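Structure first, then comments.
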Amino acid sequence: MRGDFLLASDPGAEPLPPERNVIALCRCGMTSIAPHCDGSHKLAKVRAFMPRKDRD
């Protein structure tokens, strides 16, 4: 994510401003610092890009 944003840990929780202008959010569920990515997907060989069936 890039730009001006606020991230909350739970719905309805008080959002906290990020410490950086660019962050990566975890999509594989293996991170130990959720919701941020810590690179754990590399150890599990999870690919970040999965082709969509509806693309030509």
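Not measured: the values here are computed from a predicted model. Residues take their numbers from the sequence shown, with the count starting at 1.
Nearest heavy-atom pair across H41 and C28 is CB-SG, 3.8 Å. Here the shortest heavy-atom pairing between A8 and A13 reads CB-O, 3.7 Å.
In this view, I33 and T31, H36, D38 satisfy the side chain to side chain contact (heavy atoms under 4.5 Å, CB included) rule, not counting sequence neighbours.
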